[in-house]
Amino acid sequence: MTGELDDGQPLAGRVVEVMAASRGDTLVAWSEGRRGADLLLSAPLDQSQRPVTLGIGERLEVVWRDLGELHALPVALAAIDLGERPRWRLGIVGVLRRGQRREAVRAPLSVAVRVGPEPGFAEGTTVDVSEGGCRCILSARGPSSSPWGPDHAVPPAGLNTGAVVRVDVLFPEFTITCLSEVTHRHARADARVELSLRFIGLTEQQQDLIRRRVFARLRELRTRGLL
């Protein structure tokens with residue numbers, strides 16, 4: 001294997017995903033090369049931006065992309081190097097194999113979004129995005145052509161949990177158009193509508209486009225010291 005792989009390990013500076021049996025979420029980290037036979041990763045951060053703490057010896061799986069394919073490497077947490085930016089030292093405990101997507105990694109991203117049928121769609125911006133869906137905030141007012149009327153972007157009960165609607169996510173480089181399911185409608189103090197959406201029926205190419213954009217955003221935030 002070539003490209004992103006260095007004798008079966010991700011090259012330094014690459015974004016990787018880490019899955020631990022003791023957690024139900026997917027963690028994001030950066031490969032920092034090797035120390036002897038061990039793989040070094042930046043300690044992943046939780047949603048509060050604090051380094052995740054796991055027990056020494058815990059079995060993990062590190063997943064990364066190379067040449068269009070996902071690769072997974074079984075490892076065990078051998079040590080934690082403390083410091084301003086803690087690092088994990090991981091001992092390899094299995095063979096490299098093809099990886100499987102378990103949970104979509106999301107990143108804070110603000111891009112234009114349209115929800116609902118044309119020409120009267122509701123407009124807004126995303127809060128975060130993953131290949132599995134997005135969270136977005138829609139304007140309190142829709143276009144004058146809206147079938148719901150100019151004073152409301154959506155009807156009061158039109159986008160409740162379980163509704164299936166069209167969504168357009170307008171990234172600078174490309175647009176994703178698909179159906180989506182409203183998985184949660186968030187309470188707000190203002191008149192705007194905040195939704196969590198699950199994308200339905202994305203092609204693998206569309207998922208890969210979003211995934212690359214998400215990872216690029218995560219790398220940008222890390223470079224700026226925000227992750």
Side-chain angles (χ1 to χ4, degrees), residues 15 17 24-28 44-49 65 101-224 226-227:
V15 180
E17 299 169 55
D25 55 349
T26 299
L27 304 171
V28 177
L45 304 180
D46 62 19
Q47 292 184 350
S48 300
Q49 300 304 300
R65 176 169 291 278
R101 286 193 175 109
R102 298 189 179 182
E103 180 178 309
V105 174
R106 71 181 54 243
L109 275 171
S110 180
V111 297
V113 65
R114 300 192 295 242
V115 177
E118 293 184 332
F121 49 76
E123 298 178 297
T125 56
T126 61
V127 176
D128 57 46
V129 180
S130 77
E131 65 195 81
C134 69
R135 183 166 176 164
C136 61
I137 299 176
L138 305 178
S139 171
R141 289 182 174 272
S144 59
S145 58
S146 171
W148 302 316
D151 293 331
H152 296 282
V154 294
L159 287 177
N160 287 334
T161 301
V164 175
V165 293
R166 169 179 164 149
V167 62
D168 302 289
V169 185
L170 288 72
F171 294 93
E173 308 90 350
F174 57 90
T175 296
I176 296 295
T177 298
C178 65
L179 293 178
S180 64
E181 177 190 5
V182 179
T183 59
H184 191 74
R185 181 163 174 166
H186 303 273
R188 293 187 60 88
D190 58 21
R192 294 184 296 173
V193 175
E194 185 169 351
L195 305 173
S196 289
L197 302 174
R198 178 181 67 85
F199 298 145
I200 299 173
L202 288 188
T203 66
E204 185 171 343
Q205 181 183 20
Q206 288 175 315
Q207 293 178 47
D208 287 342
L209 285 171
I210 297 173
R211 190 180 183 87
R212 285 198 290 269
R213 185 67 186 87
V214 165
F215 278 12
R217 177 59 172 162
L218 291 172
R219 286 193 293 269
E220 175 190 346
L221 292 174
R222 177 169 170 80
T223 299
R224 294 166 57 189
L226 300 178
L227 278 182

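Note that the structure is a prediction, hence the values are computed from the model and not measured. All values below were derived from every heavy atom in this structure, side-chain atoms included, with hydrogens, water molecules and symmetry-related copies excluded.
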Do [X] and [Y] have side chains that get closer than 4.5 Å, going by heavy atoms?
X: Ile210; Y: Leu202; result: yes
X: Val214; Y: Glu131; result: no
X: Cys136; Y: Val167; result: no
X: Cys178; Y: Ile200; result: no

Straight-line distance of [X] [atom1] to [Y] [atom2], nearest 0.5 Å:
X: Leu170; Y: Thr125; atom1: CG; atom2: OG1; result: 12.0 Å
X: Arg106; Y: Arg135; atom1: CZ; atom2: CZ; result: 9.0 Å
X: Leu179; Y: Leu197; atom1: CG; atom2: CG; result: 11.5 Å

Evaluate the criterion side-chain contact (heavy atoms from CB on, under 4.5 Å) for residue pair Leu209 and Phe171; output intermediate values, then yes/no.
CA-CA 10 Å; Leu209 285 171; Phe171 294 93; over 6 Å; no

Residue pairs, two or more places apart or on separate chains, that pass salt bridge (charged side-chain N to carboxylate O under 4.0 Å, His left out) and touch residues 169-179
Glu173-Arg213

Taking [Y]'s backbone N and O only, do any of them form a donor-acceptor pair with [X]'s side chain (distance below 3.5 Å, no angle check)?
X: Ser196; Y: Thr183; result: no
X: Ser139; Y: Glu123; result: no
X: Arg185; Y: Val193; result: no

Verdict with supporting geometry, Ile137 and Arg188, side-chain contact (heavy atoms from CB on, under 4.5 Å)
CA-CA 10 Å; Ile137 299 176; Arg188 293 187 60 88; 3.4 Å; yes

In short, Ala107 meets Arg217 closest at the heavy-atom pair CB-CG, 4.0 Å

Shortest non-hydrogen pair, Gly201 vs Gln206, comes out as O-OE1, 4.4 Å

Working note: Ser130 + Phe199, criterion side-chain contact (heavy atoms from CB on, under 4.5 Å); need CA distance, chi angles, decisive distance, verdict.
CA-CA 9 Å; Ser130 77; Phe199 298 145; 6.0 Å; no

Going by the side-chain contact (heavy atoms from CB on, under 4.5 Å) test, name the single residue among Leu138, Val182, Val169 that passes it with Val115.
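Looking at Leu138, Val182, Val169, the match for Val115 under the side-chain contact (heavy atoms from CB on, under 4.5 Å) is Leu138.
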
